[in-house]
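Structure, as structure tokens:
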Amino acid sequence: MLLGLVWYQHLGLWVAAILTLAIFSFLYKDNPVYKMAEHVFVGVAAGYTLAYAFWSTFIPNLYRPLANLFSGGEIKQGELLWTWMLLIPALLGMLFFARFHPRFGWLSRWSIAFMVGAFAGLSLTGKFQTDLILQPAATFVNLNPANDGGWNSVLLINLPILLGVLACLTYFFFSKPHTGFIGVTARTGIFFLMAAFGASFGYTVMARISLFIGRLQFLFWQVANEYTHLFPPPT
Amino acid sequence: MRRTVPLVITFIAGVAMIVSFFVNDGTVLSVASSKVKEWGIIIAGFAVVLGTGNIVRVTLHKAKRGEDRPFKIVLLVCLFATMFLGLFFGIDKEIRSTWMNFGMFEREYNPFYWIYFNIQLPLGATMFSLLVFYITSAAYRAFRVRSIEAGILLTTAVIVMLGQIPISSAIGADKVMAWIMVVPNVAAKRAIFMGAAMGIASMSLKIILGIERSYLGGDS
Amino acid sequence: MNLAKLDRRWLYILMAVVLIVPFLARIKFPIVPSDSARAIYDAIEALPDGSVVLVSADYDPGSEAELYPMNLALFHQLGKRNLKLIITQLWPQAGPLVKDCLDKAYLPQGKVEGVDFVNLGYKPGGAVLISKCNESILAAFPEDVNGTPVSEIPVLKGIQNSKDVDFFVILSAGTPGIREWLEQCQSRIGKPMASGMTAVSAPDFFQYESSGQLVGLLGGLRGAADYEALVGREGRGILGMGPQSFGHLLIIIFIVIGNIGYLIGRRRARRAA
């Protein structure tokens, strides 16, 4: 039964369903149909990303301000020099592509250097603030029984966290041999780490199952239901 | 030129980011460091394009050598078709200017959008959903209680999996899971990320100061 | 039959059946939302009218099954409230999914683009972009997703940078995502931030909830189901948790059977030695 949808929507459902099944065919064994779908995926994703970057970055952040500058449009006070200086990231960005040329490949290092430097600067301050100041601070501040949870939360939650953090850090500390008291502490740290890895594994299982259920929801609720009305999706 | 300029660029970019963390008062220094971030957004945009360029180059290279040639041609056709549709029609759900629509689609529906929802979305989502089967197989074959540590790992994993099931509150598994997530998990992850932050922070400092240079490649 | 040498494809079929049957039977369980999910819901409900909420959709088709239902439920809640909504994306592939959520959950509640919300679209740069937003959202995003200059968008009146935002919700599937938002935004400006994330990454972020840097976090499909229950809409999350639960049980059974086989084998080997 063809209801409501127009031709390209029907075509879309079929294409999507066939591609979904093509990927699942890999579970039986590697085969040309899967391989084809895989290559389609890489191609489409790469083309999509480029077009998206073009319209959402180059046009508004680079082209418009520069076009405005060259066409003599109105520029905010104090912005004239900065607009001219947009030519610097344009040039640095273009230098990325020098790597495709054997003689000028070294020029692409300039743009890489910018990105590496910027991210180094940001992670230095960001990680310091987040993980080395706020996190240790919380570990100790939460030990105050005057907080919301009272003694219960101190003894059942926050004190064990403090001991666990110290034990794990002891395990990571290799400048002293792990013997005697340090050895016992480090071993306790391993137990905490294993419990955490177990938790991560449990959550990973949940994630993987969810993704498959997502595909079932698509195949039955969207595709099969369109033609049979037996699998109504939630409204 | 080949060595010094990149080191200077790294230093300037890195210091600009650090300055902007401490100074935000409208002085030349803070304005300049803030502008450098706008440059970063633009250069990151070029990096995205570079990624696509790299895929084209590698694929062409493989196709020339005859490796899986038909598949590589499919990849390139899909890449350029999607790219041109996106560049031509734009990235919105509906095409902004109607003259490009050829009267084929209702409400100027953008074919770029069609490709996203009917090709890219199902392929991407299904690709990752295969993992459920591998983790099933791994659960059956690989997870063995060979030591106390492995026992702890497996026990917490089982409790967490039980705890996620909505009716597990009947046996209290959800409470135990919540405690595992909030106590041992928090303690271990806090320690791990504190350690990682120390490592990354010191590495970042080395990069900005030009002590660590491996990202520039080996030669010259 | 030797269970250890069982062809892996039998395991695959068993798992598929265990997920498909409860899915088709539409088995569902009553969902009691976690404290964490409730904390996010209550925090948004407690925002005064006219508050500014920024939702960053940093995900893609690979995590659509988990994060799209969360996004939908979140937009249902935000649509009921009289709040200003700013939407950004750090992942290009999130764009059409967010648009879809807006069309399905937010716009039908009488919301008007530009007046009630603005979709600023995607920008690359991750940490650099977030850090720039601390100084000026408008300079990082000169136009919205439709190409309208931000200076002409009414909902953005009076909003300069991240400090003018009252609540952040980050839907994160990886890098760049919630970690960058915590490092570059939350730790600097201290505004309340909540996150919905894939189940794979969720365990790495509980410490930020414990330290108060995150108001709450939603992990994976269960998080989505929790939020659907709070919003009062049965969707892909709640209906997904039925088959999901059976999948968990099967994995647990596999682990137990695998280990029983292993222990028996080890005992035999010891006796033989």
Side-chain angles (χ1 to χ4, degrees), chain A residues 12 15-16 19-20 23 35 39-44 46-48 50-53 55 57 61-62 82 89 92-93 96 106 109 113-114 116-118 120-125 127-128 131-132 135 160-161 164-165 168-169 172 192-199 201-202 206 208-209 211-212 215, chain B residues 2 6 9-10 13-14 17-18 21 35 39-40 42-43 45-46 48-50 52 55 71 74-75 78-79 82-83 86-87 91 118-120 122-123 126 128-129 131-132 135 149 152-153 156-157 160-161 164 180 183-188 190-191 193-195 197 200-201 204 207-208 215-216:
Chain A
V15 168
L19 289 175
T20 302
I23 298 286
K35 223 169 176 177
H39 282 80
V40 169
F41 175 58
V42 176
V44 168
Y48 172 94
L50 189 140
Y52 223 84
W55 285 111
T57 313
N61 291 45
L62 185 62
W82 289 115
L92 277 177
F96 267 127
W106 58 275
R109 287 182 193 163
F114 182 93
V116 170
L122 285 175
S123 37
L124 179 66
T125 47
K127 294 217 184 284
F128 219 95
D131 285 316
L132 295 177
Q135 282 291 305
I161 290 179
V165 171
C168 292
L169 287 176
F172 294 144
F192 271 89
L193 287 167
M194 286 299 147
F197 295 148
F201 175 73
M206 172 157 83
R208 301 309 182 220
I209 294 177
L211 298 188
F212 182 73
R215 294 330 288 156
Chain B
R2 294 189 178 203
I9 294 176
T10 305
M17 298 303 141
I18 297 173
F21 184 84
K35 286 290 172 187
W39 300 359
I42 294 167
I43 297 175
F46 279 97
V48 169
V49 179
L50 179 75
T52 303
I55 291 177
F71 295 115
V74 168
L75 191 159
C78 289
L79 191 153
T82 314
M83 186 179 90
L87 292 178
I91 53 174
N118 299 305
I119 297 182
Q120 196 174 346
L123 283 174
T126 315
F128 288 96
S129 78
L131 294 169
V132 64
I135 211 163
E149 288 86 346
I152 294 175
L153 191 149
T156 48
V160 167
M161 278 185 268
Q164 300 287 4
I180 289 173
V183 178
N185 177 59
V186 162
R190 192 169 273 173
F193 284 102
M194 275 162 70
I200 293 170
S204 301
I207 287 174
I208 293 167
Y215 65 94
L216 291 173

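We name chains A, B, ... by the order of the sequence lines, and we start the count at 1 in each one. Quick caveat, the model's predicted, so the values are computed rather than measured.
- Residue B:Gln164 touches chain A through its side chain alone, counting heavy-atom pairs closer than 4.5 Å.
- Proximity to chain A (any heavy atom under 4.5 Å) is restricted, for B:Val160, to the side chain, taken from C-beta onward.
- Here CZ of B:Arg190 is found 11.5 Å from SG of A:Cys168. Values are rounded to the nearest 0.5 Å.
- To the nearest 0.5 Å, the span separating CZ on A:Phe197 from CG on B:Leu153 amounts to 8.0 Å.
- Of the two parts of A:Phe41, the backbone and the side chain both hold a non-hydrogen atom closer than 4.5 Å to a non-hydrogen atom of chain B.
- Within the 4.5 Å cutoff, no side-chain heavy atoms of B:Phe193 are placed close to those of A:Lys127.
- Counting all heavy atoms, side chain and backbone alike, B:Met194 lies closest to A:Asp131 at CG-O, 3.1 Å.
- The distance from the CG atom of A:Asn61 to the CD1 atom of B:Ile42 is 5.5 Å, given to the nearest 0.5 Å.
- Between chain B and the residues A:Leu169, A:Val44, A:Val165, the most heavy-atom pairs under 4.5 angstrom are made by A:Val44.
- For the set B:Leu79, B:Thr126, B:Thr10, the entry with the most heavy-atom pairs within less than 4.5 Å of chain A is B:Thr126.
- Between chain B and the options A:Pro160, A:Gly117, A:Gly164, the largest number of non-hydrogen pairs under 4.5 Å is found for A:Gly117.
- Considering every non-hydrogen atom in both B:Ser129 and A:Arg215, the closest pair reads OG-CG, 3.7 Å.
- Both the backbone and the side chain of B:Ile43 come within contact range of chain A, each with at least one heavy atom under 4.5 Å from a heavy atom of that chain.
- The CG atom of A:Leu122 lies 9.0 Å from the CD1 atom of B:Ile18; values are rounded to the nearest 0.5 Å.
- Ranked by heavy-atom pairs under 4.5 Å with chain A, the first of B:Val186, B:Ile180, B:Asn185, B:Leu131 is B:Leu131.
- Ranked by heavy-atom pairs under 4.5 Å with chain B, the first of A:Thr125, A:Thr57, A:Val42 is A:Thr125.
- The two atoms that bring A:Ser123 and B:Ser204 nearest to each other are OG-OG, 3.6 Å, heavy atoms only.
- With respect to chain B, the highest number of heavy-atom pairs below 4.5 Å among A:Leu193, A:Ile209, A:Val116 belongs to A:Val116.
- Residues B:Ala13 and A:Phe114 approach most closely at CB-O, 3.6 Å, considering heavy atoms.
- The main-chain N or O of A:Tyr48 is never found under 3.5 Å from a side-chain atom of B:Thr82 such that the two would form a donor-acceptor pair.
- Chosen from A:Ala53, A:Ala113, A:Gly202, the residue pairing most often with chain B at heavy-atom distances under 4.5 Å is A:Ala113.
- Taking each heavy atom of B:Ala201 and A:Leu124 in turn, the nearest pair found is O-CD1, 3.1 Å.
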Next item on the list: Apply side-chain contact (heavy atoms from CB on, under 4.5 Å) to B:Phe46 and A:Leu62, showing your working.
Entry: CA-CA 11 Å; B:Phe46 279 97; A:Leu62 185 62; 4.1 Å; yes

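- Applying the 6.0 Å contact sphere to CZ of A:Phe128 captures no more than 12 heavy atoms from other residues, nucleotides or ligands.
- The choice from B:Gly40, B:Pro122, B:Gly195, B:Pro184 that makes the most heavy-atom pairs within less than 4.5 Å of chain A is B:Pro122.
- Note on B:Leu50, B:Ile55, B:Ile119: by heavy-atom pairs under 4.5 Å with chain A, the leading option is B:Leu50.
- Proximity to chain B involves both the backbone and the side chain of A:Ala195, based on heavy atoms less than 4.5 angstrom apart.
- Chain B forms the most heavy-atom pairs under 4.5 Å with one residue out of A:Ala51, A:Gly121, A:Pro89, and that residue is A:Pro89.
- Under the 4.5 Å side-chain criterion, counting only non-hydrogen atoms from C-beta, B:Ile135 is in contact with A:Phe201.
- You'll find the side chain of B:Ile9 reaches within 4.5 Å of the side chain of A:Leu92, heavy atoms only.
- For a residue to count as touching a neighbouring chain, one of its non-hydrogen atoms must lie under 4.5 Å from one of that chain's; by this rule B:Val74 touches chain A with the side chain only.
- Proximity to chain A involves both the backbone and the side chain of B:Val49, based on heavy atoms less than 4.5 angstrom apart.
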